[in-house]
Amino acid sequence: MAGGFLGKTLYAVSLSVALASVTVKSLGSCSVAACRNSLSSCRFHVNSMMSGFNGTKENSHNKARTSPYPGSKVQRSQVPNDKVDWLVEWHDYNPVEYTAVSVLAGPQWADPQITESNFSPKFNEKDGQVERKSQNGLYEVKNGRPRNPAGRTGLVGRGLLGRWGPNHAADPIITRWKRDRSGNKITHPISGKNILQFVAIKRKDCGEWAIPGGMVDPGEKISATLKREFGEEALNSLQKSSAEKRELQEKLQKLFNQEHLVIYKGYVDDPRNTDNAWMETEAVNYHDETGEIMDNLTLEAGDDAGKVKWMDISDKLKLYASHAQFIKSVAEKRDAHWSKDSETGCPG
């Protein structure tokens with residue numbers, strides 16, 4: 001264990017995106033207050049079972065180490081696979097410091113700099129209206145800064161992210177069955193399984209296709225974020241008249257009030273992540289079994305989305321961040337087509 005850790009407690013978290021399960025194993029007791037100081041004795045380690053995180057090339061912490069950093073020419077310090085884990089001593093680690101000008105300008109959605117005297121964030125707990133708890137458990141705070149639970153990224157500061165520590169988002173995955181003109185479900189000719197479709201948006205910032213979604217506002221419930229973000233990005237609700245918005249909300253209520261599947265909750269391998277700020281999300285699947293609800297809604301890109309469309313679900317998808325993994329989990333849970341192989345279950 002690294003010599004910098006003074007406490008006796010280690011929180012181990014095993015994270016599997018495909019199974020959407022998070023297991024926390026406590027090896028001792030640790031107060032939240034102890035996690036807020038620079039000599040924190042609380043820590044947890046995110047280990048992706050699906051990706052084989054233990055120093056292999058296929059780990060879930062790849063996009064968070066890519067350069068240049070999004071929206072800039074900043075190059076991260078290179079972090080080899082065997083040096084990602086904070087438990088591995090690396091005395092020569094020299095990450096680049098970067099926080100975007102747009103964040104330093106002090107918008108409402110961003111924290112002040114950690115060095116400002118009037119800023120005393122309460123990490124690992126609800127801090128006023130700001131949720132600073134992680135979906136995965138307690139994270140370490142070192143020298144006043146929270147540490148990315150998945151390990152080193154080669155960059156310190158916040159980059160494009162507003163909050164120190166976890167930045168919470170919500171991703172609504174809206175699905176329906178692909179049907180022919182007669183309304184019959186279309187099956188894949190090889191797998192023999194029904195083909196599922198989901199609403200995808202093309203992000204304006206990077207041009208990648210993604211699940212519509214966005215940041216949880218302070219004090220906002222996840223359920224409200226899911227509905228709001230889908231309306232803004234996939235239905236262009238921000239540009240609707242008051243009467244149109246009311247009609248839209250009534251239709252969305254039918255979709256978002258039905259039973260749903262929580263696909264994933266926790267850390268996301270995102271290119272915006274840094275050593276001190278990272279993305280976490282709750283991905284939820286709302287399925288329109290008959291297709292009647294979505295037939296009455298016209299897709300129209302808005303807000304952060306450049307385009308929007310129904311996209312067939314398969315292993316050929318190339319999506320933003322960890323979104324393809326979320327979609328794969330939806331296909332498995334709905335027993336829908338994913339690949340040409342007869343079985344879509346996770347290996348191992």
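Position 1 is the first residue of the sequence; numbering continues from there. Just the heavy atoms: all of them, side chains too, but no hydrogens, waters or symmetry mates, feed the values below.
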- prompt: What distance separates Lys265 NZ from His168 NE2, expressed to the nearest 0.5 Å?
  reply: 11.0 Å
message: Is it true that Glu89 and His91 share a donor-acceptor pair across their side chains at a distance under 3.5 Å?
response: yes
- prompt: Do Tyr139 and Arg132 touch side chain to side chain, with heavy atoms closer than 4.5 Å?
  reply: yes
message: Given the ring of Tyr93, does Arg152 sit roughly above its face, with NZ or CZ under 6.0 Å from the centre of the six-membered ring and within 45° of the axis?
response: yes
- request: Taking only Lys NZ, Arg NE, NH1 and NH2, and the carboxylate oxygens of Asp or Glu, determine whether Glu140 and Arg147 approach each other closer than 4.0 Å.
  value: yes
query: Do Asn285 and Arg334 meet the criterion of a side-chain donor-acceptor pair at a distance under 3.5 Å?
result: yes
field: Val156 side chain reached by Arg145 side chain, heavy atoms, under 4.5 Å
entry: yes
- request: Would you kindly say whether Asp171 and Thr281 are connected by a side-chain donor-acceptor distance under 3.5 Å?
  value: yes
Any donor-acceptor N or O pair under 3.5 Å, side chains Ser134, Glu280: yes
task: For the pair Asp217 and Arg228, find out whether any cationic side-chain nitrogen is under 4.0 Å from an anionic carboxylate oxygen.
output: yes
message: Donor-acceptor check, side chain of Asp111 to backbone of Trp164, threshold 3.5 angstrom: yes or no?
response: yes
query: For Lys227, does the NZ atom sit with more than 12 other heavy atoms under 6.0 Å from it, leaving out its own atoms?
result: yes
query: Does one side chain, of Arg65 or Asn81, offer a donor that lies under 3.5 Å from an acceptor on the other?
result: yes
query: Just how far is it from atom CZ of Arg203 to atom CD of Glu233, taken to the nearest 0.5 Å?
result: 7.5 Å
- line: Distance col, row Ser191:OG vs His337:NE2, nearest 0.5 angstrom, shows 4.5 Å
query: Would you call the rings of Tyr264 and Phe326 parallel, tilted or perpendicular, where under 30° means parallel and over 60° means perpendicular?
result: parallel
- prompt: Any luck finding a side-chain donor-acceptor pair between Glu244 and Ser241 under 3.5 Å?
  reply: yes
- request: Report, as yes or no, whether the 6.0 Å neighbourhood of atom NZ on Lys254 holds more than 12 heavy atoms from other residues, nucleotides or ligands.
  value: no
- prompt: Which of these passes side-chain contact (heavy atoms from CB on, under 4.5 Å) with Met311: Val199, Leu319, Leu196, Ile201?
  reply: Leu319
- line: Distance col, row Phe198:CZ vs Ile327:CD1, nearest 0.5 angstrom, shows 4.0 Å
task: Answer yes or no: is there a donor N or O on one side and an acceptor on the other, between the side chain of Asn296 and the main chain of Lys251, under 3.5 Å?
output: no
- request: Kindly indicate whether a cation-pi arrangement holds for Lys307 with Trp209, taking the cut-offs as under 6.0 Å to the six-membered ring centre and within 45° of the axis.
  value: no
Between Asn148 and Thr153: side-chain donor-acceptor atoms closer than 3.5 Å: no
message: Do Asn273 and Tyr267 pair up side chain to side chain, a donor and an acceptor below 3.5 Å, judged on atom types alone?
response: yes
- prompt: Do other residues, nucleotides or ligands put more than 12 heavy atoms under 6.0 Å from Gln108 CD?
  reply: no
field: Backbone N/O of Arg272 and side chain of Tyr69: donor-acceptor pair under 3.5 Å
entry: yes
query: Is any side-chain heavy atom of Pro146 closer than 4.5 Å to a side-chain heavy atom of Trp278?
result: yes
field: Glu232-Ser237 side chain donor-acceptor pair, cut-off 3.5 Å
entry: no
field: Electrostatic pair Glu97:Arg76 at N-O distance under 4.0 angstrom
entry: no
